[in-house]
Participant: 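Quick one: structure below, then a few questions.
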Amino acid sequence: MEKNAKIYVAGHRGMVGSAIVRELRRQGYGNILTRTHKELDLINQQAVNDFFAAEKPEYVFLAAAKVGGIEANSSSLADFMYENMMLEMNVIHAAWKNGCKKLEFLGSSCIYPRMAPQPMKEDCLLTSPLEKTNEAYALAKISGLKYCEFLNRQYGTDYISVMPTNLYGPNDNYHPTHSHVLPALIRRFHEAKEAGIPEVVCWGDGSPLREFLYVDDLANLCVFLMNNYSGNETVNAGTGKELTIKELAETVAQTVGYKGNIVWDTSKPNGTPRKLLDVSKAAALGWVYSTELADGIRLAYQDFLSNPMRAER
């Protein structure tokens, strides 16, 4: 990407999109195009078409999405599928129609089968059934990355996709029911510490294994891939390291300073038993992450404390 190229970051107010904007600016890209949801509803096809026709961005980072944890995904299946598929198709199609040089689509590791061989390679996509608790979101993301692939194959575009593992960091969503596991734990343990609550209840039995990537590391990879990768197959984004949810909860509690007990509610679902990405492809391209989990959690907690209103989202 040329330093003065017009770059559109869709979803710039979200955790991933805002990190991409930070990384672009850090690297000296100054012509960054953004729109809030109020200014541009990506589900509105005509509005998206008009925007692309008027602005003609040369590069697009598609980080906009409707996201949430197990509870949100399970209770709003239709909403997650419809909204994500609509905004993805609208943006990707409008980018193609208006001559966008390159587009990068941001997905999620939940696209891979529930019982995929671990660690999960990019080529295990669609080889067996998905995890039911986030099937709708996964299907929408698979559709987005496949549309990029099909445009490449049919029309010779240069559209790529990256599939991050579980993300966390600045500008995360700490909503009590619609957040992912790590920010949810930060909020829960913080509030319990402040209120002097003797125990915190967590979902499941704590046994699932999870991998976490600091969002600024992902943003660095996203810009790196835009400049150094072309291909139909997606690229995994992660650390290649994992820990149990129980270990995660204990680490968050320690970071927050919560001294009470952690109780596991085994009547609640665990979700996918293991989700570790094979990150050898990104490593072969010359990229590795830089933020270790303990350091990242401290940074995330500082971000949470710096903006109390964020917890109300």
Side-chain angles (χ1 to χ4, degrees), residues 1-2 4-21 24 29-68 72-73 75-108 110-111 134-164 171 173 175 178 219 222 226 232 234 313:
M1 293 185 295
E2 307 78 18
N4 63 345
K6 183 180 282 190
I7 303 169
Y8 172 46
V9 180
H12 75 286
R13 283 187 164 180
M15 178 173 61
V16 173
S18 60
I20 291 173
V21 171
L24 287 169
Y29 294 95
N31 193 5
I32 302 170
L33 186 63
T34 61
R35 291 291 187 276
T36 64
H37 176 73
K38 186 176 181 179
E39 291 168 335
L40 176 61
D41 181 0
L42 297 179
I43 297 175
N44 183 324
Q45 187 179 56
Q46 188 60 57
V48 174
N49 288 340
D50 291 345
F51 166 75
F52 271 84
E55 296 291 345
K56 300 287 187 182
E58 297 169 83
Y59 299 92
V60 173
F61 289 88
L62 179 42
K66 179 180 178 67
V67 298
N73 271 278
S75 62
S76 304
L77 296 167
D79 294 344
F80 270 79
M81 188 167 192
Y82 175 79
E83 293 185 30
N84 282 298
M85 288 191 72
M86 288 296 290
L87 70 86
E88 292 164 8
M89 294 299 164
N90 287 344
V91 172
I92 298 168
H93 185 74
W96 167 63
K97 293 290 284 186
N98 288 278
C100 174
K101 289 182 180 179
K102 192 164 187 174
L103 178 144
E104 182 173 285
F105 174 69
L106 275 292
S108 166
C110 72
I111 65 167
N134 55 26
E135 183 181 27
Y137 183 72
L139 286 170
K141 288 297 184 181
I142 292 170
S143 297
L145 75 89
K146 281 295 182 182
Y147 188 44
C148 288
E149 175 190 337
F150 297 155
L151 284 171
N152 291 346
R153 288 166 57 183
Q154 185 174 350
Y155 294 106
T157 52
D158 186 11
Y159 292 179
I160 62 174
S161 61
V162 55
M163 294 300 124
N171 205 25
N173 175 14
H175 191 279
H178 299 131
C222 287
M226 193 68 110
N232 290 332
T234 189
R313 294 193 310 186

Participant: Distance check, rounded to the nearest 0.5 Å: Ile32 atom CD1 versus Ile20 atom CD1?
Facilitator: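 Nearest 0.5 Å value for the CD1-CD1 distance: 10.5 Å.
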Participant: Could you tell me the separation between the CZ atom of Phe52 and the CG atom of Asn49, rounded to the nearest 0.5 Å?
Facilitator: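 Nearest 0.5 Å value for the CZ-CG distance: 9.0 Å.
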Participant: Quick one: closest heavy-atom pair of Ala63 and Val16, and the distance?
Facilitator: CB-CG1, 3.9 Å
Participant: Are Tyr8 and Phe51, when compared by the centres of their aromatic rings, separated by less than 6.0 Å?
Facilitator: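 That pair passes the under 6.0 Å test.
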Participant: Is there a side-chain contact between Tyr159 and Trp96, using heavy atoms and a 4.5 Å cut-off?
Facilitator: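 Result yes, sub-4.5 Å side-chain heavy-atom pair found.
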Participant: Quick one: list whatever passes salt bridge (charged side-chain N to carboxylate O under 4.0 Å, His left out) with Lys97, sequence neighbours left out.
Facilitator: none
Participant: I'd like to know if the side chain of Thr234 and the backbone of Ser161 have a donor-acceptor N/O pair within less than 3.5 Å.
Facilitator: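 Yes, the answer is positive, given that a donor and an acceptor are paired below the 3.5 Å cut-off.
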Participant: Please report the interatomic distance CG(Asn232) to CZ(Arg153), rounded to the nearest 0.5 Å.
Facilitator: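 Here the rounded value is 7.0 Å.
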Participant: For Cys148 and Thr157, work out which heavy atoms get closest and say how close.
Facilitator: O-OG1, 4.4 Å
Participant: Contact between Met163 and Phe105 at the side-chain level, heavy atoms closer than 4.5 Å - yes or no?
Facilitator: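 When only atoms from C-beta onward are counted, Phe105 and Met163 do touch, with a gap below 4.5 Å.
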Participant: With sequence neighbours left out, what residues match Lys101 under side-chain contact (heavy atoms from CB on, under 4.5 Å)?
Facilitator: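 For Lys101 the side-chain contact (heavy atoms from CB on, under 4.5 Å) partners, ignoring immediate neighbours, are Glu2, Glu58, Tyr59.
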Participant: Do Phe61 and Val21 have side-chain heavy atoms sitting under 4.5 Å apart?
Facilitator: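 No, their side chains stay 4.5 Å or more apart.
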Participant: Taking all heavy atoms of Lys141 and all of Leu106, pick out the closest pair and write down the distance.
Facilitator: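 In terms of heavy atoms, the two residues are closest at NZ-O, 2.9 Å.
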Participant: May I ask you to decide if Gly14's main-chain N or O and Asn171's side chain share a donor-acceptor pair within less than 3.5 Å?
Facilitator: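 Yes, the answer is positive, given that a donor and an acceptor are paired below the 3.5 Å cut-off.
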Participant: Please identify each residue that fulfils salt bridge (charged side-chain N to carboxylate O under 4.0 Å, His left out) with Asp158, with sequence neighbours left out.
Facilitator: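 For Asp158 the salt bridge (charged side-chain N to carboxylate O under 4.0 Å, His left out) partners, ignoring immediate neighbours, are Lys102.
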Participant: How long is the span from the NE2 atom in His37 to the CZ atom in Arg13, to the nearest 0.5 Å?
Facilitator: 11.0 Å
Participant: What residues form a salt bridge (charged side-chain N to carboxylate O under 4.0 Å, His left out) with Glu55, not counting sequence neighbours?
Facilitator: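 Per chain and number, Glu55 pairs via salt bridge (charged side-chain N to carboxylate O under 4.0 Å, His left out) with Lys6, Arg35.
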Participant: Where do Ile111 and Ile142 land on the side-chain contact (heavy atoms from CB on, under 4.5 Å) test, with the steps shown first?
Facilitator: CA-CA 6 Å; Ile111 65 167; Ile142 292 170; 3.7 Å; yes
Participant: Is there a side-chain contact between His12 and Thr36 in this structure, where contact means two heavy atoms from C-beta onward sitting under 4.5 Å apart?
Facilitator: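 SC-SC contact between His12 and Thr36 confirmed.
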Participant: Could you pull out all residues at least two apart from Ala53 that satisfy side-chain contact (heavy atoms from CB on, under 4.5 Å)?
Facilitator: Asn98
Participant: Not counting sequence neighbours, which residues clear side-chain hydrogen bond (donor to acceptor under 3.5 Å, both in side chains) with Asp41? List them please.
Facilitator: none
Participant: Begin with the C-alpha distance, continue with both residues' side-chain angles, and end with the deciding distance and a verdict on side-chain contact (heavy atoms from CB on, under 4.5 Å) for Tyr82 and Ile43.
Facilitator: CA-CA 9 Å; Tyr82 175 79; Ile43 297 175; 4.1 Å; yes
Participant: Over all heavy atoms of both residues, which pair between Cys110 and Ala138 is shortest? Give the atoms and the distance, please.
Facilitator: O-CB, 3.3 Å
Participant: When you compare the side chain of Asn90 with that of Leu42, does any pair of heavy atoms fall below 4.5 Å?
Facilitator: no
Participant: Could you go step by step and tell me if Glu88 and Tyr147 meet the side-chain contact (heavy atoms from CB on, under 4.5 Å) rule?
Facilitator: CA-CA 9 Å; Glu88 292 164 8; Tyr147 188 44; over 6 Å; no
Participant: What are the two closest heavy atoms between Leu87 and Ala64, and how far apart are they?
Facilitator: CD1-O, 3.3 Å
Participant: Tell me, with the steps shown, if Ile7 and Asn31 meet side-chain contact (heavy atoms from CB on, under 4.5 Å).
Facilitator: CA-CA 6 Å; Ile7 303 169; Asn31 193 5; over 6 Å; no
Participant: Looking only at heavy atoms, what is the nearest atom pair of Met89 and Gly144, with distance?
Facilitator: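 Looking at all heavy atoms of both residues, the shortest contact is CE-N, 4.2 Å.
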